[in-house]
2 protein chains.
Amino acid sequence: MELDRFDRQLLHLVQQDSAQTAERLAEQVPLSPSAIQRRLKKLRENGVILRDTAIVDPAAAGRPTLYLVSLEVETERPELQKPLHQWLAAEECIQQAFYVTGQADYRLIVSAPDTQTFDAIMERLVRDNPHVKRFSTNVALKIIKQSLALPLL
Amino acid sequence: MELDRFDRQLLHLVQQDSAQTAERLAEQVPLSPSAIQRRLKKLRENGVILRDTAIVDPAAAGRPTLYLVSLEVETERPELQKPLHQWLAAEECIQQAFYVTGQADYRLIVSAPDTQTFDAIMERLVRDNPHVKRFSTNVALKIIKQSLALPLL
DNA sequence: TATGAAAGGCTTACTTT
DNA sequence: AAAGTAAGCCTTTCATA
C-alpha cells in the first residue's frame with residue numbers, strides 16, 4: 001500500500017494517541033474528519049496499523065522488572081529455530097524478542113514481577129530448547145523511554 | 001491505586017486491543033458495559049493506563065531497521081547523565097532506552113530507515129554527549145515478537 | 001471528496017444492592 | 001461504594017451526490 005504525506009501524518013499522530021477523534025485529527029492534518037476516518041479504516045484493513053494497544057504503567061502493575069537477555073544458540077541445529085520462536089511468542093512474560101547479528105543470536109526483553117519468576121522462565125527456556133547454549137542477563141534499572149513508534153515524517 | 005481482579009482482567013484485554021467496545025469486553029469480564037467504562041475511565045485518569053497507541057507495521061513504513069545498541073559511558077561524570085537522558089528522549093528514532101546493570105551502561109533500540117541515517121544519529125549522539133566512551137551495534141534481522149504488554153494475570 | 005441521515009457507543013444521572 | 005438501568009449526546013458509519 002502506498003502511503004502519501006497525509007497517511008504518514010495520520011500514522012504519526014495515532015502512534016502517539018490512537019483514541020483521538022477524527023475531529024481532533026482534522027485540526028492537525030488538512031483533511032475533513034470523514035476523509036480521515038476513511039483513510040484510517042483503510043490503513044487498518046491493509047495492516048499498516050497492526051493493532052491498537054493500551055500502555056499500562058509498570059509501576060501500577062506491581063513494578064515488574066525488565067530483564068534484558070542475550071541468548072546464544074547452537075547454529076548447527078537450525079531445525080530447532082522454529083520451536084524456539086514459537087516458544088518465545090507464546091510466553092506472556094517475553095515482551096520482545098529479536099534475532100540479531102553477532103555472536104549473541106537473540107535478544108529478549110522479559111517482564112517479570114520478581115527474580116524468582118524470571119529465573120523460573122529462563123530455566124524453562126533452556127530446558128525446553130536444548131540448543132540454547134548460554135545466556136546473559138542485564139536488569140533495566142531505569143526505563144528512560146519506551147515505545148514502539150516508528151519515525152514516519 | 002488498588003487493582004482488583006476485574007481491573008487486571010480489563011487491563012490484560014485492552015493491552016491486546018484498546019479499540020474494543022465495552023460491550024465486547026463485557027463478554028469476557030463478568031461486569032456490565034457501563035461498569036467497564038467507569039473502571040477504564042478511572043484507570044486512565046489515575047495513570048494506570050498511560051496512553052493508547054496504534055502499532056504501525058514496520059514493513060509498511062518503508063522497512064526501517066531496528067538497531068540494538070549497547071552504550072558505555074564514563075561513570076566519573078554523573079552530571080552528564082541527565083542531558084543524555086533528555087537527548088535520548090527527544091530523539092524520534094530512539095524507540096527505547098534503558099539504563100542497565102553491568103559494564104554496558106545503556107541499551108538502546110533505534111529505528112532508522114537505513115544505515116546512513118543510523119550512523120548519523122550515532123555520530124550526533126557521541127558528539128553531543130562527551131562522556132559516551134563507546135558503543136556496539138547489533139542489527140535485528142528478525143522481529144520475533146514486539147509489544148509493551150505486561151503480564152497481569 | 002463532501003454532505004446528511006442512521007446506527008452505535010459513551011457519558012451521565014438515577015436506582016438498587 | 002460500587003454495579004446495573006435508561007436517557008441523551010457525541011462519534012462514527014453509510015448512502016448519496
Side-chain angles (χ1 to χ4, degrees), chain A residues 1-64 113 147-150 152-153, chain B residues 1-62 147-153:
Chain A
M1 178 184 179
E2 280 297 309
L3 302 180
D4 65 12
R5 201 179 124 253
F6 296 141
D7 290 321
R8 293 187 165 271
Q9 274 187 292
L10 288 173
L11 290 171
H12 177 76
L13 292 169
V14 296
Q15 272 188 343
Q16 298 166 332
D17 180 5
S18 63
Q20 283 176 96
T21 64
E23 197 173 350
R24 245 180 68 211
L25 290 168
E27 298 166 5
Q28 307 164 74
V29 178
L31 290 170
S32 70
S34 63
I36 286 171
Q37 285 169 347
R38 251 177 293 129
R39 281 172 179 261
L40 286 176
K41 189 183 177 189
K42 195 180 274 183
L43 288 168
R44 283 180 224 278
E45 284 171 354
N46 293 13
V48 178
I49 295 176
L50 294 170
R51 62 185 199 281
D52 297 277
T53 54
I55 307 297
V56 175
D57 182 8
R63 308 191 174 284
S147 89
L148 299 183
L150 303 173
L152 291 165
L153 308 180
Chain B
M1 180 184 179
E2 279 297 308
L3 302 180
D4 65 14
R5 199 179 126 253
F6 296 141
D7 289 321
R8 291 186 167 273
Q9 272 188 295
L10 288 173
L11 289 172
H12 177 75
L13 292 169
V14 295
Q15 272 187 343
Q16 297 167 332
D17 180 5
S18 64
Q20 280 176 99
T21 64
E23 197 173 349
R24 247 181 64 212
L25 289 168
E27 297 166 7
Q28 306 165 74
V29 178
L31 290 170
S32 70
S34 64
I36 287 170
Q37 286 168 344
R38 264 195 298 264
R39 292 176 95 113
L40 286 177
K41 189 182 177 188
K42 195 181 271 183
L43 288 168
R44 283 180 224 279
E45 285 171 352
N46 294 12
V48 177
I49 295 177
L50 294 170
R51 61 185 199 281
D52 296 276
T53 55
I55 307 297
V56 175
D57 183 7
S147 88
L148 300 183
L150 303 173
L152 290 164
L153 307 179

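In what follows, chains are A, B, ... by sequence order, proteins preceding strands, each numbered from 1. Every value quoted in this text rests on a predicted model; they were computed, and no experiment measured them.
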**Student:** For a quick test of your reading: what N or O donor-acceptor pairs under 3.5 Å do the side chains of residues 9-17 of chain A make, sequence neighbours left out?
**Tutor:**
unit_1, atom_1, unit_2, atom_2, d
A/Gln15, OE1, A/Leu150, N, 3.3
A/Asp17, OD1, A/Ala19, N, 2.9

**Student:** Round to the nearest Å and state the distance from A/Phe6 atom CZ to C/dT1 atom P.
**Tutor:** 9 Å

**Student:** Atom CG of B/Leu31 and atom P of D/dA2: how far apart are they, to the nearest Å?
**Tutor:** 13 Å

**Student:** Around atom CD of B/Glu23, are there more than 12 heavy atoms from other residues, nucleotides or ligands closer than 6.0 Å?
**Tutor:** no

**Student:** Tell me which residues in residues 33-43 of chain B lie within less than 4.0 Å of DNA chain C, going by non-hydrogen atoms.
**Tutor:** B/Gln37, B/Arg38, B/Lys41

**Student:** Test A/Leu40 against A/Ile49 for side-chain contact (heavy atoms from CB on, under 4.5 Å), laying out the working first.
**Tutor:** CA-CA 8 Å; A/Leu40 286 176; A/Ile49 295 176; 4.2 Å; yes

**Student:** What residues from residues 14-29 of chain B pass a heavy-atom cutoff of under 4.0 Å to DNA chain D?
**Tutor:** none

**Student:** Do you know the tightest heavy-atom contact between B/Gly47 and B/Leu50?
**Tutor:** O-CD2, 3.5 Å

**Student:** Go through it in stages, so that I can follow the logic: the residues are B/Asp7 and B/Lys42, the test is salt bridge (Lys or Arg N to Asp or Glu O under 4.0 Å), and I'd like the CA-CA distance, side-chain angles, deciding distance and then a yes or no.
**Tutor:** CA-CA 10 Å; B/Asp7 289 321; B/Lys42 195 181 271 183; over 6 Å; no

**Student:** Is B/Asp57 reaching over with its side chain to a backbone N or O of B/Ala59, donor-acceptor style, under 3.5 angstrom?
**Tutor:** yes

**Student:** Looking at A/Pro58 and A/Pro64, what are the two nearest heavy atoms and their distance?
**Tutor:** O-CD, 3.0 Å

**Student:** Could you walk me through whether A/Glu27 and A/Arg24 pass side-chain contact (heavy atoms from CB on, under 4.5 Å), step by step?
**Tutor:** CA-CA 5 Å; A/Glu27 298 166 5; A/Arg24 245 180 68 211; 3.9 Å; yes

